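Step one of this worksheet: look at the structure below.
Predicted model, so just to flag it, every value in this text is computed and none were measured. In this chain, residues are counted from 1 in sequence order.
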Amino acid sequence: MTMRFLLADRRGAIAPIFGLTLLPILAAAGSAVDYGRLTNARTQVQAASDRPAVAVAASDDGNVGPAILERTREALRRDMPDLTGLSVTGSWVDAANFQVQINGSLTMAIVSAVPGMPSSVPLALTTIANRIPPKYKTLPPKTSLLEPEAADYNRAYLYCYTPTWRTKDPNDPTKGRRDFVPIADNASPPTDFEKEYKKDKKEYKLPECESGEVPAYMMRNVRNARGDKKRWDTDKDYYEYFTDTELDPNTNVMINRYVGEQIDSNGKRSAVNLTNRPMLETILCASESECKPRDQGGILPTRTTQRDPATATGACGPGKLMYYGFEDRPGGDRDYDDIRLVVSCPEVVKIQDKQVRIVK
């Protein structure tokens with residue numbers, strides 16, 4: 001057979017030609033099918049993301065999140081077996097917004113058989129549900145003990161604090177604090193503030209914290225004035241210390257950003273440096289019997305000077321109490337018992353119309 005004959009022979013050439021044209025046909029057909037599957041999968045996962053976000057945001061129970069997310073995870077595993085590497089997570093962005101994130105990879109049914117085409121496509125969807133932040137009950141302290149032997153006059157107040165004031169109005173002169181109501185002092189005997197209000201024909205009423213606000217405590221300190229009642233409210237040079245309390249919506253841990261200010265005789269305020277001289281101790285108690293010194297059967301430190309203060313890190317939930325122990329001056333004897341308060345953990349007030357909506 002001559003070389004010219006071999007070159008002219010076209011028998012059997014249709015097979016490789018068909019094979020070469022089949023690949024783009026398969027790729028195109030497979031892409032259409034898998035694109036449809038991907039579109040349906042995204043719709044299904046988006047709905048699966050929306051449901052738990054709305055359910056958690058609408059719930060009055062702050063502990064329902066993990067269970068709702070687990071049910072969502074199990075439903076997706078059951079209904080979408082082609083969704084691999086599945087993760088379903090959720091958390092409060094802040095007191096008003098709950099975010100759910102779903103991640104996974106959808107296995108490609110047809111295009112994965114085509115060389116160079118992916119075997120799966122990643123899916124990532126996020127939903128943020130917005131609600132009216134909770135309102136918290138403001139309760140009087142279970143116990144208030146202010147050192148009667150101290151030279152300084154100290155008075156504790158309850159107030160409402162807005163943790164988001166910096167982002168909403170960074171120039172707010174109130175710094176997110178409002179409705180200061182006195183609750184205890186170290187007079188001998190301690191002042192009955194309800195009775196004092198009635199003398200002026202005023203109603204003694206604890207502040208009602210609105211949605212997004214958290215009950216917090218302020219201490220007013222007048223140097224060397226405990227025995228001079230005239231100076232308690234007229235002194236032109238005094239100090240104020242604020243707990244500026246926040247409540248972590250994910251953990252229910254109370255975060256106290258304790259800050260101090262000196263007010264001089266001209267009314268000018270200047271910050272007191274508390275970075276290296278802490279003045280606040282917080283301890284979480286499961287019951288009132290626990291919120292007593294150790295030598296009385298409780299868990300509070302027995303009086304000891306020159307020590308480091310404890311900081312509560314547990315969830316301050318219903319039925320629990322928080323102990324506040326204050327120093328009345330920076331750089332004092334560091335026993336953290338000049339002012340002592342035992343208060344109930346904030347209780348959520350049910351909001352009838354939560355107005356939950358998806359914002360993302």
Quiz item: Taking Trp165 for the side chain and Pro170 for the main chain, is one N or O donor matched with an acceptor at less than 3.5 Å?
Solution: no

Self-check item: Qualifying salt bridge (charged side-chain N to carboxylate O under 4.0 Å, His left out) pairs, either residue in residues 246-255, two or more places apart
Solution: Glu246-Arg257

Practice problem: Examine distances only and state if a side-chain atom of Asn273 and a backbone atom of Thr275 form a donor-acceptor pair shorter than 3.5 Å. | Solution: yes

Practice problem: Using the salt bridge (charged side-chain N to carboxylate O under 4.0 Å, His left out) rule, collect all pairs that involve residues 321-332, keeping only residues at least two apart or in two chains. | Solution: Asp152-Arg329

Quiz item: How many angstroms lie between OG1 in Thr162 and CG in Asp172, if you round to the nearest 0.5 Å?
Solution: 8.0 Å

Exercise. Among Ile339, Asp233, Val222, find the residue that satisfies the side chain to side chain contact (heavy atoms under 4.5 Å, CB included) test when tested with Arg155.
Key: Asp233

Quiz prompt | Main-chain N/O of Ser120 paired to Thr107 side chain as donor or acceptor, under 3.5 Å | solution = no

Quiz item: So, Arg220 side chain and Tyr153 main chain: donor-acceptor pair closer than 3.5 Å or not?
Solution: no

Self-check item: Ser91 side chain to Asn250 side chain, donor-acceptor N/O pair below 3.5 angstrom
Solution: no

Quiz prompt | Flag, side chain of Asn266 to backbone of Lys268, donor-acceptor distance under 3.5 Å | solution = no

Quiz item: Would you call Lys135 and Glu213 a salt bridge, taking side-chain N to carboxylate O under 4.0 Å as the test?
Solution: no

Quiz prompt | Main-chain N/O of Arg131 paired with Arg357 side-chain donor or acceptor, under 3.5 Å | solution = no

Self-check item: Side-chain donor/acceptor of Tyr204 to backbone N/O of Pro182, under 3.5 Å
Solution: yes

Quiz item: Is it true that the NZ or CZ of Arg340 lies under 6.0 Å from the centre of Phe326's six-membered ring and within 45 degrees of the ring axis?
Solution: no

Exercise. Would you give the length of the straight line joining atom CE of Met219 to atom OH of Tyr258, rounded to the nearest 0.5 angstrom?
Key: 4.5 Å

Exercise. Begin from the C-alpha positions of Thr305 and Asp335 and carry the test side chain to side chain donor-acceptor pair (under 3.5 Å) through to its verdict.
Key: CA-CA 4 Å; Thr305 60; Asp335 56 4; over 6 Å; no

Self-check item: Ionic contact status for Arg177 with Glu240, cut-off 4.0 Å
Solution: no

Quiz item: So, the side chain of Asp185 versus the backbone of Thr191: is there a donor-acceptor pair under 3.5 Å, distance only?
Solution: yes

Side chains of residues 72-88: which donor-acceptor partners sit under 3.5 Å, not counting sequence neighbours?
| residue | atom | partner | partner atom | Å |
| --- | --- | --- | --- | --- |
| Thr72 | OG1 | Ile68 | O | 3.0 |
| Arg73 | NH1 | Glu70 | OE1 | 2.1 |
| Arg73 | NH2 | Val88 | O | 2.6 |
| Glu74 | OE2 | Arg77 | NH1 | 2.9 |
| Asp82 | OD2 | Arg37 | NH2 | 2.9 |
| Thr84 | OG1 | Ser105 | O | 3.2 |

Self-check item: Ser59 OG to Phe98 CZ distance, which is reported to the nearest 0.5 Å
Solution: 10.5 Å

Practice problem: Measure the spacing between CG of Leu123 and CD1 of Ile102 and express it to the nearest 0.5 Å. | Solution: 10.0 Å

Quiz item: At what distance, to the nearest 0.5 angstrom, does CG of Leu125 lie from CD of Gln44?
Solution: 11.5 Å

Practice problem: With Arg223 as the cation and Tyr239 as the aromatic partner, state whether NZ or CZ is under 6.0 Å from the six-membered ring centre and within 45° of the axis. | Solution: yes

Quiz item: Counting only heavy atoms not in Gln262, do more than 12 fall under 6.0 Å of its CD?
Solution: yes

